[in-house]
Colleague: 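What follows is a single structure, and I will ask about it in a moment.
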Amino acid sequence: MTKHLITSALPYVNGLPHLGHLVGCLLPSDVYARYLRQKGEQVLLVCGTDDHGTSSEVGAIKEGINVRDYCKKYHDRQAALYEGFNLSFDYFGQTSSEQNKEIVYRIFHDLEKNGLIEERTTNQVYSIDEDRYLPDSYVIGTCPHCGYDKAKGDQCENCTKLLDPTDLINPRSSISGSTNIEIRPTKHLFLQLPKMQKELENWIETKRGIWPDIAYTTAKKWLKEGLKERGITRDLKWGFAVPRNGFENKVFYVWFDAPIGYIGITKQWADMDKDNRNWEDWWLNAPDVRHTEFMGKDNIPFHSITFPATLRGSREAWTEVSFLKGFNYLNFAGGKFSKSAQRGIFLDAALEEFPADYWRYWLMANAPESDDSSFSFELFASVINKDLNDVLGNFINRVLKMTFNNFGEQVPPMGDLTEDETALYETVDELVASYTSYLDGLEFRKAMAALRELFVAGNNYIAKTEPWKAAKTDKARAGTILNTALNLIYLYANLSAPIMPQTAEKMLDVLNKPANFVWPNEKAESFLKTLKAGDKINPSDPLFSKITPERQEELRAKYKETE
RNA sequence: CGCGGGGUAGAGCAGUCCGGUAGCUUGCCAGGCUCAUAACCUGGAGGUCGUGAGGUUCAAAUCCCACCCCCGCAACCA
């Protein structure tokens, strides 16, 4: 049986994750994992923080704590947020773990052995007072083109021209402000991607028409331009030391050890229960594993070119990505989310405003699959109010109220079926089939449209059969209708579970069922008879509440939504 | 001429690969229903599919060409 390995791009440890991160990789990976688990598939979902790099090192200095503690602190903070969103990671690890180090070294040595690592000398800005090399973007100065005085050494934010740190007028360190800097030659290791160009081209070609356009075209673009050798070491202290003579003060570049982190994190997970778990079952000589990766478009080149090249270059049978689900960006009110500009909604704030499931539903229904999309409170409110509140929430409420008023707190008996039920079964079968196949194909927007149609089908059925009238004239008929409608709620709970796990549990709770979700593999005709006459049902408050225009105004002001 | 993605009713999107009288959701208008959270159900109006009285074709949103506009990327922000 196929085993499903699912990974979400690893968020940078000291970043403040926002809705864009959630929709671009974290949430869809969870939805997909929940869906497959519910179908009875074997699933391993891993994620974690990407710990290494200059910004962690600098962040720790600013807070006056050591880098390892700093990373742990922010790792734990992020883990708590993701738990708040009910992301069901089997393990949320760290790329700075001992386990990852072991695997990074193993792969590095294989690459060395296979002649894919070469030394090069490059020139790098060195800050004498700080006793450290500075990445290009940490050198700031006046732009020679536009005169902007805070231009970064790689690109001027003001005029967007690409720069070299030596172009800058009055260059200085953005960390300390020191102008006591110079250019020093430094030796680094480079991964020889050009040697693997042909092999990667052949491999990527097999993904044509299978991966989403954004993933395939991005990979093709890099190949078309011709792969260049790529530095995999840096002049930093925080990171895995480079095991080679003459590289004592250098570490591996984060982009080398971060994707390998998927493997390292799997080993962290396995080490928690060594008797029953084995990381190699998922990663090495494991042809039965299907690996699905989720990420934003900025990550695609690294997951479609660099990382596969790293694994292939080792000449060991590592598990490669089978399906790369790339997402475009979710913007905020026409602009980009920006921590520094305090614009946009970050995950801690999001959870304070609304339950996780509101966000989960909206984000999946509006996932930026084909183009960048943008978030506004108006759009958010219209979807929540309509789909969740009016269509689904109200359906549940009206069915429950009618049942309680006419039959008490139990499922009424099912009598003879009419063509109304037959028609409903047919519609449900069709929609469940398309919902399932969209989820299989990771086409989330389309899946969500099918789910919504299922909710509408329930209201349609009620409108057509008018149980409130039957209750007065033909009580048995009313019982049959409400029995069917209650079973529809049971169906909705199961189908919604990957998207809205908490709400789905509440729905099962109302039906007095344990939180044990199933996928409807059988036809509607039999699945919609799961709840039997006499089964207890529980009163419940409405599951959702509306977001009023006043509330929308407040939120717009609070989060500085401009458009 | 750097590269890629996008431009389809007020808004958000599908359709474009494999040409065949333009579709979905929301919003708006009208009607139905009155079990329910002023909700639900039905119908209607609204688009020269970025531009070119461009090319191919019996037929173009879809294929070809030119141009305009928006967004992203450009290998050390990971």
Colleague: Quick check on B:C76: is either OP1 or OP2 less than 4.0 Å from any side-chain nitrogen or oxygen of A:Arg234?
Modeller: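 For B:C76, OP1 or OP2 has a side-chain N or O of A:Arg234 closer than 4.0 Å.
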Colleague: If we take the C1' atom in both B:U57 and B:A75, what is their distance in whole Å?
Modeller: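 My reading of the C1' atoms in B:U57 and B:A75 gives 45 Å.
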Colleague: Contact class for A:Gly226 vs. all strands (heavy atom < 4.0 Å): base, sugar-phosphate, or nothing?
Modeller: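 Contact class for A:Gly226: base.
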Colleague: Students often get this wrong, so: under 4.0 angstrom with heavy atoms, is A:Phe302 touching a base, only sugar-phosphate, or nothing?
Modeller: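 Here A:Phe302 touches no strand at all.
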Colleague: Any side-chain heavy-atom pair from A:Ser96 and A:Trp238 closer than 4.5 angstrom?
Modeller: yes
Colleague: Any base atoms under 4.0 Å from A:Leu10, or only sugar-phosphate, or nothing? Heavy atoms, all strands.
Modeller: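 A:Leu10: base contact, heavy atoms under 4.0 Å.
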Colleague: Does NZ or CZ of A:Lys546 lie under 6.0 Å from the centre of the six-membered ring of A:Phe544, at an angle within 45° of the ring axis?
Modeller: no
Colleague: OP1 or OP2 of B:C13 versus the side-chain N and O atoms of A:Ser370: is any pair under 4.0 Å?
Modeller: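 No, no such contact exists.
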Colleague: Dot-bracket, RNA chain B: Watson-Crick or G-U, under 3.5 angstrom, [ ] crossing, | other strand?
Modeller: .(((((((.[[[[.)....(..]]]].(((((.......))))).....[[[.[[..)....]]]]])))))).....
Colleague: Please state whether the phosphate of B:C24, meaning OP1 or OP2, lies under 4.0 angstrom from any side-chain nitrogen or oxygen of A:Lys446.
Modeller: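 Looking at the OP1 and OP2 atoms of B:C24, neither is under 4.0 Å from any side-chain N or O of A:Lys446.
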Colleague: Would you indicate which nucleotide in B:C13, B:G72, B:C33 comes nearest to any side-chain atom of A:Asp372?
Modeller: B:G72
Colleague: Are any side-chain N or O atoms of A:Asp235 and backbone N or O atoms of A:Lys250, one a donor and one an acceptor, separated by less than 3.5 Å?
Modeller: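 A pair under 3.5 Å: no.
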Colleague: Would you classify A:Gly393 as touching base, sugar-phosphate or nothing, given that sugar-phosphate means primed atoms plus P, OP1 and OP2, and contacts are heavy atoms under 4.0 Å?
Modeller: base
Colleague: Does B:C24 have OP1 or OP2 under 4.0 Å away from a side-chain N or O of A:Arg445?
Modeller: no
Colleague: Does A:Phe240 form a ring-ring contact (aromatic ring centres under 6.0 Å, His included) with A:Phe256? I'd like the steps, not just the answer.
Modeller: CA-CA 10 Å; A:Phe240 295 140; A:Phe256 185 70; 9.7 Å; no
Colleague: So which nucleotide from B:C33, B:A11, B:U37 ends up closest to the side chain of A:Leu379?
Modeller: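 Of B:C33, B:A11, B:U37, B:A11 is nearest to the side chain of A:Leu379.
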Colleague: Does A:Asn460 put a side-chain nitrogen or oxygen below 4.0 Å from OP1 or OP2 of B:U42?
Modeller: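 So the side-chain polar atoms of A:Asn460 do come within 4.0 Å of the phosphate oxygens OP1 or OP2 of B:U42, strictly under.
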Colleague: To check you understand the geometry: which heavy-atom pair defines the closest contact between A:Gln94 and A:Asp51, and what is its length?
Modeller: NE2-OD2, 2.9 Å
Colleague: Please report, rounded to the nearest Å, how far the P atom of B:C77 is from the CH2 atom of A:Trp255.
Modeller: 10 Å
Colleague: Does A:Lys386 put a side-chain nitrogen or oxygen below 4.0 Å from OP1 or OP2 of B:C40?
Modeller: yes
Colleague: Rounded to the nearest angstrom, tell me the gap between atom CG in A:Leu543 and atom P in B:U37.
Modeller: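 Value for this atom pair: 13 Å.
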Colleague: Can you identify which nucleotide, out of B:C76, B:C41, B:C35, has its nearest atom closest to the A:Ala463 side chain?
Modeller: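 Nearest to the side chain of A:Ala463 among the choices is B:C41.
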Colleague: I'd like the P distance from B:U62 over to B:C17, given in whole Å.
Modeller: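 Those two atoms are separated by 9 Å.
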Colleague: For the C1' atoms, the ones on B:A53 and on B:G12, what distance do you get once it is rounded to whole angstrom?
Modeller: 33 Å
Colleague: B:G12 P sits how many Å from A:Asn331 CG, rounded?
Modeller: 13 Å
Colleague: Does a distance-only test, which skips hydrogens and angles, find a donor-acceptor pair under 3.5 Å between the side chain of A:Gln124 and the base of B:C76?
Modeller: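 Such a pair is found, so the answer is yes.
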Colleague: Need one value for A:Val399: base, sugar-phosphate or nothing, where a base atom within 4.0 Å counts as base even if backbone is also close, heavy atoms only.
Modeller: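 Answer is nothing: A:Val399 stays at 4.0 Å or more from every strand.
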Colleague: Check A:Gly261 against A:Thr95 and note the closest heavy-atom contact, atom names and distance.
Modeller: CA-CG2, 4.2 Å
Colleague: Grab the CD1-P distance between A:Ile175 and B:C77 for me, whole Å please.
Modeller: 14 Å
Colleague: Could you state the CE-P distance from A:Met364 to B:C13, rounded to the nearest angstrom?
Modeller: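 Rounding to the nearest Å, CE of A:Met364 and P of B:C13 are 16 Å apart.
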Colleague: What does A:Pro467 touch in the nucleic acid at a heavy-atom separation under 4.0 angstrom: a base, only the sugar-phosphate, or nothing?
Modeller: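 No contact.
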Colleague: Under 4.0 Å between any heavy atoms, over every strand shown, what does A:Thr306 touch: base, sugar-phosphate, or nothing? Just pick one.
Modeller: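 Here A:Thr306 touches no strand at all.
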Colleague: Using whole Å, what does the distance between atom P of nucleotide B:C33 and atom NZ of A:Lys464 come to?
Modeller: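 Distance, rounded to whole Å: 16 Å.
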Colleague: Measure from the side-chain heavy atoms of A:Arg230 and tell me the nearest of B:A75, B:C40, B:U26.
Modeller: B:A75
Colleague: Considering only B:G4, B:A78, B:C40, which nucleotide approaches the side chain of A:Tyr253 most closely?
Modeller: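 The answer is B:A78, which lies nearest to the side chain.
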Colleague: Give a yes/no answer on whether the side chain of A:Tyr216 brings an N or O atom under 4.0 Å of OP1 or OP2 in B:G5.
Modeller: no
Colleague: A:Phe407 ring centre to A:Lys475 NZ or CZ under 6.0 Å, with the angle to the axis within 45°?
Modeller: yes
Colleague: Please work out if A:Phe395 contacts a base, only the sugar-phosphate, or nothing of the nucleic acid, heavy-atom cut-off 4.0 Å.
Modeller: nothing
Colleague: At under 4.0 Å between heavy atoms, what does A:Asn405 touch on the DNA or RNA strands: base, sugar-phosphate, or nothing?
Modeller: nothing
Colleague: At 4.0 Å (heavy atoms only), tell me whether A:Ser55 reaches a base, stays on the sugar-phosphate, or touches nothing.
Modeller: sugar-phosphate
Colleague: Using the C1' atom as the point on both nucleotides, what is the distance between B:C29 and B:U8, in whole Å?
Modeller: 24 Å
Colleague: Measuring only between side-chain heavy atoms, which start at C-beta, is A:Met507 closer than 4.5 Å to A:Ile396?
Modeller: yes
Colleague: A:Lys297 has an atom NZ; how far is it from atom P of B:A75, in whole Å?
Modeller: 16 Å
Colleague: Quick one: A:Asp371 CG to B:C70 C1', roughly how many Å, whole number?
Modeller: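 Going from CG in A:Asp371 over to C1' in B:C70 covers 9 Å.
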Colleague: A:Asn331 side chain to A:Phe375 main-chain N or O, any donor-acceptor pair under 3.5 Å?
Modeller: no
Colleague: Would you say the side chain of A:Asn389 and the base of B:U37 hold a donor-acceptor pair, judged only by whether the two atoms sit under 3.5 Å apart?
Modeller: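 Side chain to base: pair found, below 3.5 Å.
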Colleague: Quick check: do A:Gln78 and A:Tyr12 have side-chain heavy atoms less than 4.5 Å from each other?
Modeller: no
